Trainee: 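Dropping a structure here in structure tokens format, bear with me for questions.
As the structure lists them, so they are numbered: ligands from 1, and atoms in each ligand from 1. Side chains included, hydrogens not; waters and symmetry mates left out as well; all remaining heavy atoms used. Numbers here simply count residues along the sequence, with the first being 1. Computed from a prediction, not measured in an experiment: that's the story for all the values here.
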Amino acid sequence: MPPSAAPPTVPNGRGDADLTSAAVEHIMAENGLSTGSTNGHQHIHTPSGHGSGVSRPNLQDIDASKLTYTFTTLSRGVPPPDVHSIDGATVCTDHMITVKWTSKSGWETPELRPYGPLALMPTASVLHYATECFEGLKAYRGFDGKLRLFRPDCNAARLLTSSLRISLPAFSPAEVEKLIIALMAVDGPKWLPRDRPGSFIYLRPTFIGTQAQLGVQAPSEALLYIIASYMPILDRPPGGLKLHTSPDDMVRAWVGGFGYAKVGANYGPSLLATAEARARGFGQILWLYGSEAYCTEAGASNFFVVWKNKEGRTELVTAPLDDRLILPGVTRRSVLQFAREHLAGEVEVVERPYTIQDVIDADSEGRLLETFAAGTAYFVCPVSLIHHRGQDIQIPMGKAGEGGLYSLKLKKWLADVMYGNVEHPWGVVVQERR
Ligand SMILES: *Cc1c(COP(=O)(O)O)cnc(C)c1O
């Protein structure tokens with residue numbers, strides 16, 4: 001074989017058995033980024049030093065310092081505290097940030113501009129092949145008057161993991177984090193007013209393939225945008241959150257799939273079961289997996305159980321990340337970290353597979369203490385009931401009926417960081433423009 005016809009070199013030398021992780025590692029290496037783990041999805045470290053994630057010549061990384069500002073000329077009013085959407089449309093703030101990318105020149109100059117419709121060709125990649133991923137994080141108006149984001153570095157890193165999974169390009173997560181902060185610096189003062197301490201805004205960084213070509217291929221053009229919206233408080237539904245287990249003929253994600261990535265393709269197909277559960281009076285689906293019926297996630301939140309194990313020790317248990325079935329939540333990670341720090345000696349923290357039968361057994365043996373959903377949208381939301389195949393599992397909701405002891409403790413610790421009751425590196429203060 002002449003040298004020019006030699007097969008491409010396999011980047012990690014592991015052959016063709018793990019094409020997906022090989023591809024991700026290849027893209028990361030090409031862009032001067034390191035996944036920091038062989039799983040490639042949990043801990044992404046941007047290179048230290050200059051922080052540019054795109055080291056290929058002539059390809060521009062996102063550069064947040066070049067952000068241009070075009071301010072709105074409309075004067076829209078801030079809605080009353082309980083209004084989140086109008087005529088079925090989410091209320092967003094005055095501005096959004098957009099950054100275009102092309103495979104030829106890389107990232108263009110980021111722009112802050114008035115919130116409004118996007119122009120897309122009907123042939124755009126995202127509309128046909130679901131080349132879309134997103135993030136969700138909140139900005140919090142603290143009781144000290146300051147505006148904070150909660151661990152935005154984790155969201156920016158996860159956005160990168162998700163984009164690579166669907167062949168959208170790489171970027172330096174630190175630059176995206178700066179853009180998120182820049183949007184809140186402009187829209188925070190008006191849309192999250194100081195006289196509403198304890199309130200929040202929901203930020204939605206979104207990344208889509210925009211190339212206008214109906215070929216099933218990685219898009220050569222893409223658009224990253226960041227919007228800020230209102231969202232109702234979901235963490236204290238009256239009587240607790242009620243879950244319905246997923247139907248026998250459906251799974252949310254599967255081993256070898258992309259449940260670990262926040263890609264739009266994971267959510268559309270989940271709406272059917274959710275609508276049916278809602279019609280029956282339940283709030284969310286508890287997604288089970290496999291013939292063993294492992295508990296994975298509750299809706300778009302991670303799921304936690306507190307029980308006495310068979311040896312009589314108190315355990316906080318949640319599904320593991322290593323099989324890549326579940327979304328590695330920032331809230332999940334923070335709950336686990338806080339529990340390991342503050343509840344050591346009292347509660348054992350375990351990430352491992354457990355089945356719905358384990359939960360049923362714990363209930364019938366009187367060992368089930370608490371369950372809760374945890375995620376940015378639902379925060380830490382106590383679950384009062386799980387309905388599984390005609391059977392109701394009732395879960396204790398604590399003395400005041402607002403959640404169990406540990407759920408409420410964890411919730412308070414996290415809220416204290418978010419709303420500035422304690423100084424903590426996870427609470428990132430936004431310097432607001434006034
Ligand atoms: C976003 C999401 C979560 C929660 O992640 P956080 O980072 O805590 O908001 C959990 N599960 C799924 C499926 C999600 O989409």
Trainee: Identify whether the distance between the nearest side-chain nitrogen and carboxylate oxygen of E402 and K412 falls below 4.0 Å.
Mentor: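 No.
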Trainee: How far is atom 8 (O) of ligand 1 from the closest protein heavy atom, and which atom is that?
Mentor: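 Heavy-atom neighbour on the protein nearest atom 8 (O) of ligand 1: T331 OG1, 2.6 Å.
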Trainee: Using the ring of each side chain (for Trp, its six-membered ring), is F282 parallel, tilted or perpendicular to H244, with breaks at 30° and 60°?
Mentor: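 Rings of F282 and H244: perpendicular, as their planes differ by over 60°.
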Trainee: When only distance counts, is Y267 in polar contact with ligand 1, meaning an N/O pair under 3.5 Å?
Mentor: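 N/O-N/O distance under 3.5 Å: yes.
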Trainee: Indicate yes or no: does an N/O atom of K262 lie under 3.5 Å from an N/O atom of ligand 1?
Mentor: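 N/O-N/O distance under 3.5 Å: yes.
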Trainee: Can you tell me if E135 has a non-hydrogen atom under 4.0 Å from ligand 1?
Mentor: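 Not so, E135 does not reach ligand 1.
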Trainee: When only distance counts, is R158 in polar contact with ligand 1, meaning an N/O pair under 3.5 Å?
Mentor: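 Among all N and O atoms of R158, at least one is under 3.5 Å from an N or O of ligand 1.
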Trainee: For the pair F258 and W254, name the ring-plane relationship: parallel under 30°, tilted 30 to 60°, perpendicular over 60°.
Mentor: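 The arrangement is perpendicular - the two ring planes meet at more than 60°.
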Trainee: Evaluate G375 for polar contact with ligand 1, using N/O atom pairs at a separation under 3.5 Å.
Mentor: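 In fact, backbone or side chain, G375 has no N or O that close.
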Trainee: Hey, is R252 one of the residues with a heavy atom under 4.0 angstrom from ligand 1?
Mentor: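 A heavy atom of R252 does come that close to ligand 1.
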Trainee: What I want to find out is whether E135 reaches R158 closely enough, with some N-O distance under 4.0 Å, to be called a salt bridge.
Mentor: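 Salt bridge present between E135 and R158.
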Trainee: For atom 3 (C) of ligand 1, state which one of A300, G329, A377 supplies the nearest heavy atom.
Mentor: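 Considering heavy atoms of A300, G329, A377, the nearest to atom 3 (C) of ligand 1 sits in A300.
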Trainee: For the residue pair Y294 and W287, is the inter-centroid distance of their aromatic rings smaller than 6.0 Å?
Mentor: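 No, the ring of Y294 stays outside the 6.0 Å limit from the ring of W287, centre to centre.
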Trainee: Any salt bridge linking R332 with E297? Criterion: basic side-chain nitrogen under 4.0 Å from a carboxylate oxygen.
Mentor: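 The answer is no: the pair does not qualify as a salt bridge.
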Trainee: Going by the side-chain hydrogen bond (donor to acceptor under 3.5 Å, both in side chains) test, name the single residue among S103, S220, S125 that passes it with Q211.
Mentor: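 The single option meeting the side-chain hydrogen bond (donor to acceptor under 3.5 Å, both in side chains) with Q211 is S220.
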Trainee: Report the nearest protein non-hydrogen atom to atom 6 (P) of ligand 1: residue, atom name, distance rounded to 0.1 Å.
Mentor: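 Going by distance alone, atom 6 (P) of ligand 1 is nearest to V330 N, 3.5 Å.
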Trainee: Report the nearest protein non-hydrogen atom to atom 11 (N) of ligand 1: residue, atom name, distance rounded to 0.1 Å.
Mentor: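 Result for atom 11 (N) of ligand 1: E297 OE1, 2.4 Å.
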Trainee: As an exercise, identify every atom of ligand 1 less than 4.0 angstrom from a heavy atom of S301.
Mentor: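 Selected atoms, number and element: 10 (C), 11 (N).
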Trainee: With a 4.0 Å cut-off, would you call D248 and R389 a salt bridge?
Mentor: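 R389 and D248: salt-bridged.
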Trainee: Return the closest protein heavy atom for atom 9 (O) of ligand 1 as residue, atom name and distance.
Mentor: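 Minimum-distance protein heavy atom for atom 9 (O) of ligand 1 reads T376 OG1, 2.6 Å.
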